[in-house]
Enquirer: 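Please see the structure below; I have some questions.
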Amino acid sequence: MSEMYCKGCGALIQNKDNTLPGYVSDELLNSKNPAEIICQRCFRIRHYSEVFPYTVSNSDYLQVIEKIKSEDALIVKIVDIFDFSGSFVPAIKELTGNEDVILVGNKMDLLPKNVKPSRILSWLQVMLNSQGFTVLDSVLLSAKYGDNFDELMEKIYQYKGKRNVYIVGSSNVGKSKIVNQILRRYLGAASDIITESLSPQTTIGMIGFQLTDGTYIYDTPGVINKHQYMHYLTRPSYKMTVPTREIKPMIYQLNEGQTLFFGGLARLDVISGETGDVISVVTYFANTLNIHRTKTLKADKLYVEKLYSLLSPPFNKEEDVPKWIYHEFRIRDNQKYDIVFSGLGFVTLRAPFCVRAYAPFVVGVYTRLAII
Ligand SMILES: Nc1nc2c(ncn2[C@@H]2O[C@H](COP(=O)(O)OP(=O)(O)O)[C@@H](O)[C@H]2O)c(=O)[nH]1
Ligand SMILES: [Mg+2]
């Protein structure tokens, strides 16, 4: 069989092992136009929403992006606006060897509608500066609703010259959805070509498409981010933690000695507030995640007794959520800050404050200047 690649996930087409990506039966191989074939795994993800955990090892991934290193390319780096630090992958420039990067903040539709895009763009710039990272330009997108794609394409053509374009970023930031939108809107595709899914590691290899000037645009597999909750939860639990529509912020007036639980996945204790009394905490999490307020004194006991019920997800012991640790944040100026539970959500509060944020030790918990 000559080498063919699945157009849904980029895996090498094979007829040997139906548990691996790229499997196509001999029957199908002989009966269909090779350009039309998607592998069994892509077919099942698309039609039955089945999950196929598969790990692209780091060495596989490096091999894939080795191709980018060997050429002068335009990199379009995607971040999830809702989880900037968790999805940023500072090493992208070293990994790809390319200096020319357009930054895309995706999933704009999740932020409350009253947030101005100009504010998010200048916030992105502050975040980039703090990482010592420079880019040619930045664009905000919603791949879900197709917002701002004209601007993205204008910028791509403005900067690319004769170079190929690579869409890169960590898993689940929406790379495949973005390329599908580009294919539909500008390259005449009648339907989505690449397989997208809620699970990480859906895209296995590079998937290239010819642009109108004869160069190529490539979707790539994601850089793995082990700090995300999704690796520890079952699919029903994970689904409840992933925001799929505009987030409705909730405001809690908390006193010292009060605690918020975010399902059974994270917790925030107010040690001291602004003037020693009430502190406003605004929460930004999936609307489906249950937030529970209690006294800090009772919090440990409640966690032991009500994990998997009142404090859920997780829903059962099989979900192997690693042990919690806490991070203490004591800030004395009077600016607004976010405390981010990477991949889950964030809270906003005005300093000065002292809080403790609890999460499984593998999950990144950090503070940043407030995005909103
Ligand atoms: N709300 C929202 N969800 C998105 C957006 N783009 C992608 N997603 C969802 O994020 C998940 C991952 O998307 P996918 O394109 O497979 O990400 P990839 O791993 O970077 O290729 C899927 O469940 C998508 O539906 C967006 O703009 N808004
Ligand atoms: Mg993908």
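Counting from 1, the numbers follow the sequence of the chain as shown. When a ligand or atom number is given, it counts from 1 through the structure's own listing order.
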Enquirer: Could Lys175 and Asp219 be called an ion pair, given the rule that one side-chain N must be under 4.0 Å from one carboxylate O?
Expert: no

Enquirer: Please report which non-hydrogen protein atom sits nearest to atom 11 (C) of ligand 1, along with the residue it belongs to and the distance in Å to one decimal place.
Expert: Ser197 O, 3.8 Å

Enquirer: Here's a test for you: under side chain to side chain contact (heavy atoms under 4.5 Å, CB included), which of Leu349, Ile291, Val282 qualifies with Tyr252?
Expert: Ile291

Enquirer: Name the closest protein heavy atom to atom 19 (O) of ligand 1, giving the residue it belongs to and the distance to 0.1 Å.
Expert: Asn172 N, 2.9 Å

Enquirer: Are any of the side-chain nitrogens in Asp192 or Arg184 under 4.0 Å away from the carboxylate oxygens of its partner?
Expert: yes

Enquirer: Need the ligand 1 atom indices (1-based, order shown) with element for anything under 4.0 Å from a heavy-atom of Lys175.
Expert: 15 (O), 17 (O), 18 (P), 19 (O), 20 (O), 21 (O)

Enquirer: Which one of Val139, Val104, Ile217 satisfies the side chain to side chain contact (heavy atoms under 4.5 Å, CB included) criterion with Val76?
Expert: Val104

Enquirer: Give the numbers and elements of all ligand 1 atoms closer than 4.0 Å to a heavy atom of Ser176.
Expert: 15 (O), 21 (O)

Enquirer: Less than 4.0 angstrom from a charged side-chain N to a carboxylate O is my criterion; do Arg267 and Asp269 meet it?
Expert: yes

Enquirer: Any N or O of Ala143 that comes nearer than 3.5 Å to an N or O of ligand 1?
Expert: yes

Enquirer: Under a 4.0 Å heavy-atom limit, does Leu110 contact ligand 1 with its side chain, its backbone, both, or neither?
Expert: side chain

Enquirer: Judging by distance only, is a nitrogen or oxygen of Lys107 under 3.5 angstrom from one on ligand 1?
Expert: yes

Enquirer: Can a side-chain donor-acceptor contact be found between Tyr166 and Glu71 if the only test is distance below 3.5 angstrom?
Expert: yes

Enquirer: Which heavy-atom pair separates Arg350 from Asn334 by the least distance, and what is that distance?
Expert: NH1-O, 2.9 Å

Enquirer: Do the ring planes of Phe261 and Tyr303 sit parallel (below 30°), tilted (30 to 60°) or perpendicular (above 60°)?
Expert: parallel

Enquirer: Pull out every atom of ligand 1 sitting under 4.0 Å from any heavy atom of Ser142, numbered as shown with elements.
Expert: 27 (O)

Enquirer: In terms of side-chain geometry, is the basic nitrogen of Lys160 or Asp213 positioned less than 4.0 Å from the acidic oxygen of its partner?
Expert: yes

Enquirer: Charged N to carboxylate O under 4.0 angstrom, Glu319 versus Lys317?
Expert: no

Enquirer: Counting non-hydrogen protein atoms only, what is the nearest one to atom 7 (C) of ligand 1? Give residue, atom name and distance.
Expert: Lys177 CD, 3.3 Å

Enquirer: Near the Mg ion (ligand 2), is there an N/O/S atom from Thr203 that is less than 2.8 Å away?
Expert: yes

Enquirer: Indicate yes or no: does an N/O atom of Asn106 lie under 3.5 Å from an N/O atom of ligand 1?
Expert: yes

Enquirer: Considering only protein heavy atoms, which is closest to atom 13 (O) of ligand 1, and at what distance to one decimal place?
Expert: Gly174 CA, 3.7 Å

Enquirer: Has Thr202 got an N, O or S atom lying less than 2.8 Å from the Mg ion (ligand 2)?
Expert: no

Enquirer: Distance to 0.1 Å, residue and atom name: give those for the protein heavy atom nearest to atom 1 (N) of ligand 1.
Expert: Asp109 OD2, 2.8 Å

Enquirer: Please report whether ligand 1 has a polar contact with Val173, defined as an N or O pair separated by less than 3.5 Å (distance criterion only).
Expert: yes

